There are 2 protein chains.
Amino acid sequence: MGRWEPDAPERLVLAALDLFTEQGYENTAVAQIAERAGLTKSTFFRHFRDKREVLFGGQEVLAEMLTSGIAGAPEQAGPLAAVEAALVAVSAGLTEERRAHGPQRLAVIAGNVELRERDALKMVGFSTAMAEALCRRGVPELEASVAAELGVLAFRRGYHRWLENGGDFAEVARRTLREVRAAVAGLEGGE
Amino acid sequence: MGRWEPDAPERLVLAALDLFTEQGYENTAVAQIAERAGLTKSTFFRHFRDKREVLFGGQEVLAEMLTSGIAGAPEQAGPLAAVEAALVAVSAGLTEERRAHGPQRLAVIAGNVELRERDALKMVGFSTAMAEALCRRGVPELEASVAAELGVLAFRRGYHRWLENGGDFAEVARRTLREVRAAVAGLEGGE
DNA sequence: AGAGTGATGGGACTAAGTCTCATCACTTAG
DNA sequence: CTAAGTGATGAGACTTAGTCCCATCACTCT
């Protein structure tokens, strides 16, 4: 399978990350990314659906982990316990290599609307994936949506913390989800 | 102000909606939309940031209504009561004319990833707008985010119901938010 | 009538994204 | 050891989104 210089996708990701950081996302052409990676525009689009996607690769895998995490939670677990299982399960996909470029990647995304847009879509994907998995466990549709939304919120916050402080993502995510649940309780209690 | 044939933006929206429905979003060129509206490509991009935006116009106004709804809620109101005020306030922006093309618009959006992506971004915008408005009321940041997220969920579901059944949006939204709160309670209680 | 203003038309230009075909590195059967 | 096969890449044409600049036109006000 691997011919020529191996790992074309990874080389493209790294080249893109550097160029986006150096000169900004919109000032960087796909051809330029490909050139720095020793490839061509054709090859770039063979590996990535579009220019944005070079920063969001492998998220389908994470969504898959979320759903299987929920599916694999104990029978008697409630929706939020299942969501916790999902967050724990996804930690297997958050590799140390992924953490290395995380902050740089987040900075680039934060600086561009198109990229924030793609990020929003990915988060919606996570949410519906979890909600559907919860429904398959017999959770009513609305409760599933609420639990999934809270799960995504915890995931986002946990992910940021994990990038800042490191450590085990499963641990961080568990703690973050607990805080979200506390906030929910405070919401209902405080009226 | 109005010269030539008036209401260029509205004509563009209607032309786009028809063409997207007839032949699909990706099979429709901007030049074609402009032509059907009796205008040119230049004018299209003068009124809309990009091709997607022709289906999402005026949402900044809605976000504005959400924030001012929250800001205008009674002092002693809790976060979720403020969110309810936001949803009630936004009903002023959901005109009957908007409802007329709602289903067609939703169908087009549902059929295209780029458009779902833009929709996701708009919802994130609503969420952060509400969360920031809640923070300005002194609500802790995490609770504000949770409440805003629940508010967006209620807004989406209420919007769909409103399109299907009509009636007063404020009424529908209030009922939907109540259901979301019940689901949240069921989530915490059932474990 | 003439200057000013704001919206439009037109056309050139860049870059994203698609498509097709040739080519090259490497594998495997004979 | 060679020749066919396979999969990834290169090359280039092509369409369209989106930007820019400038001329023009409709209408207003003096």
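Note that the coordinates shown come from a computational prediction; the quantities given were computed from them, not determined experimentally. Here is how names work: the chains are called A, B, and so on, in the same order as the sequence lines, proteins then strands, and each is numbered from 1.
- We find that CG of B/Asp50 is positioned 9 Å from C1' of D/dA17, with the value rounded to whole Å.
- Distance B/Glu114 CD to C/dA16 C1': 11 Å, rounded to the nearest Å.
- The CD atom of A/Glu53 sits 12 Å away from the P atom of C/dT18 (whole-angstrom rounding).
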Dump every N/O contact between nucleotides 20-22 of chain D and the protein below 3.5 Å, one line per pair.
none

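- Within the 3.5 Å criterion, the main-chain N or O of B/Tyr25 finds a donor-acceptor partner in the side chain of B/Lys51.
- For A/Thr43, no side-chain nitrogen or oxygen approaches OP1 or OP2 of D/dA8 to under 4.0 Å.
- Counting only heavy atoms from C-beta on, A/Arg52 has its side chain closest to C/dG17 among D/dT19, C/dG10, C/dG17.
- Here B/His47 reaches the OP1 or OP2 of C/dT8: one of its side-chain N or O atoms lies under 4.0 Å away.
- The side chain of A/Arg11 contributes no N or O atom lying less than 4.0 Å from OP1 or OP2 of D/dT9.
- A/Asp119 has its side chain out of reach of B/Val124: every pair of non-hydrogen atoms, C-beta onward, lies at least 4.5 Å apart.
- Between B/Arg157 and A/Leu142 there is a side-chain heavy-atom pair separated by less than 4.5 Å.
- Distance B/Leu39 CG to C/dA7 C1': 10 Å, rounded to the nearest Å.
- The aromatic rings of A/Trp162 and A/Tyr159 lie tilted to each other, with the angle between the two planes from 30° to 60°.
- Classification of A/Glu164 and A/Arg161 as a salt-bridged pair fails, no side-chain N sitting under 4.0 Å from a carboxylate O.
- When hydrophobic clusters are built by joining Ile, Leu, Val, Met, Phe, Trp and Tyr residues whose side-chain heavy atoms come closer than 4.5 Å, directly or via intermediates, A/Phe48 is grouped together with A/Phe20.
- A 4.5 Å side-chain heavy-atom check between A/Arg52 and A/Glu117 finds every atom pair outside the cut-off.
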Would you tabulate the pairs of protein nitrogen or oxygen atoms and nucleotide nitrogen or oxygen atoms of nucleotides 12-15 of chain C closer than 3.5 angstrom?
none

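- Counting only heavy atoms from C-beta outward, the side chains of B/Leu66 and B/Leu87 approach each other to under 4.5 Å.
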